[in-house]
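In what follows, a structure is listed as structure tokens, so that the remarks can point back to it.
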Amino acid sequence: QVQLVESGGGLVQAGGSLRLSCAASGGTLFSSYAMGWYRQAPGKEREFVAAISWSGGSRSGGSTYYGDSVKGRFTISRDNAKKSVYLQMNSLKPEDTAVYYCAADPRLEGTYSDYANVRAYEYWGQGTQVTVSS
């Protein structure tokens, strides 16, 4: 089945930037998958960060969606040729500290609420730790 592996996490000072990557494998038609990023801090619920819809036949196309807490600071993108999705995180804050998870679903479509629904995604990666120091 689909396997997702995140990378790029680490320690960064407040105001800095990180770029997370998620590589998919398993011989799937990556371009038709909706992809998302979620995060979870200790003792808290998993939180929607960003999502991108299927590419519509292009290499990197798709509609994007963002959680209110990261809008204007984070950017999600995809490269179907590399079967990867990315999360560029700028102006990082200590409250961004969490384990970040990549997610994928082969059938997801709809509006913002559909893409932001944590229960909508079939496949999940193991997560990568992001720590922002103050």
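Predicted model, so just to flag it, every value in this text is computed and none were measured.
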Legend entry - Listed once per pair and sorted, the disulfide bond (SG atoms under 2.5 Å apart) pairs that draw on residues 60-91, sequence neighbours left out: none

Inset, instruction - Using side-chain hydrogen bond (donor to acceptor under 3.5 Å, both in side chains) as the criterion, list what pairs up with Tyr100, not counting sequence neighbours. - result: Arg39

Legend entry - Pairs flagged by disulfide bond (SG atoms under 2.5 Å apart) wherever residues 104-134 is involved - sequence neighbours left out: none

Inset, instruction - Test Phe48 against every option in Tyr115, Tyr65, Phe74, Tyr112 by the ring pair (Phe, Tyr, Trp, His ring centres under 6.0 Å) rule and name the one that passes. - result: Tyr112

Inset, instruction - Verify the neighbour count for atom CD of Gln126: are there more than 12 heavy atoms of other residues, nucleotides or ligands below 6.0 Å? - result: no

Legend entry - Identified side-chain contact (heavy atoms from CB on, under 4.5 Å) partner of Val49 from the options Leu20, Val70, Ile76: Val70

Inset, instruction - Go through the structure and list residues passing side-chain hydrogen bond (donor to acceptor under 3.5 Å, both in side chains) with Ser133, not counting sequence neighbours. - result: none

Legend entry - Those residues that, when tested against Lys71, pass salt bridge (Lys or Arg N to Asp or Glu O under 4.0 Å) (two or more places apart): Asp68

Inset, instruction - Please determine if Arg78 forms a cation-pi arrangement with Tyr33, meaning its NZ or CZ atom is less than 6.0 Å from the six-membered ring centre and no more than 45° off the ring axis. - result: no

Inset, instruction - Name all residues meeting the side chain to side chain contact (heavy atoms under 4.5 Å, CB included) criterion together with Val132; count only those two or more places apart in sequence or in a different chain, and write none if there are none. - result: Val12, Ala14, Leu92, Pro94, Asp96, Thr97, Val130

Legend entry - Residues that Ser91 engages under side chain to side chain contact (heavy atoms under 4.5 Å, CB included), provided they are two or more places apart: Arg73

Inset, instruction - For Asp79, check side chain to side chain contact (heavy atoms under 4.5 Å, CB included) against everything at least two apart and list the hits. - result: Arg59, Ala81, Lys82, Tyr86

Legend entry - Sequence-distant partners of Gln88, side-chain hydrogen bond (donor to acceptor under 3.5 Å, both in side chains), two or more places apart: Asn90

Inset, instruction - For the residue pair Val85 and Trp37, establish whether any side-chain heavy-atom pair is separated by less than 4.5 Å. - result: yes

Legend entry - 4.5 Å side-chain heavy-atom contact, Met89 and Ser17: no

Inset, instruction - Apply side chain to side chain contact (heavy atoms under 4.5 Å, CB included) to Glu95 and list each qualifying residue two or more places apart in sequence or on a separate chain. - result: Lys93

Inset, instruction - Mind listing the closest non-hydrogen atom pair of Glu47 and Ser69 along with its distance? - result: OE2-OG, 3.1 Å

Legend entry - Test ring pair (Phe, Tyr, Trp, His ring centres under 6.0 Å) applied to Tyr121 - qualifying residues, sequence neighbours left out: Tyr38

Inset, instruction - Apply side-chain hydrogen bond (donor to acceptor under 3.5 Å, both in side chains) to Ser63 and list each qualifying residue two or more places apart in sequence or on a separate chain. - result: none

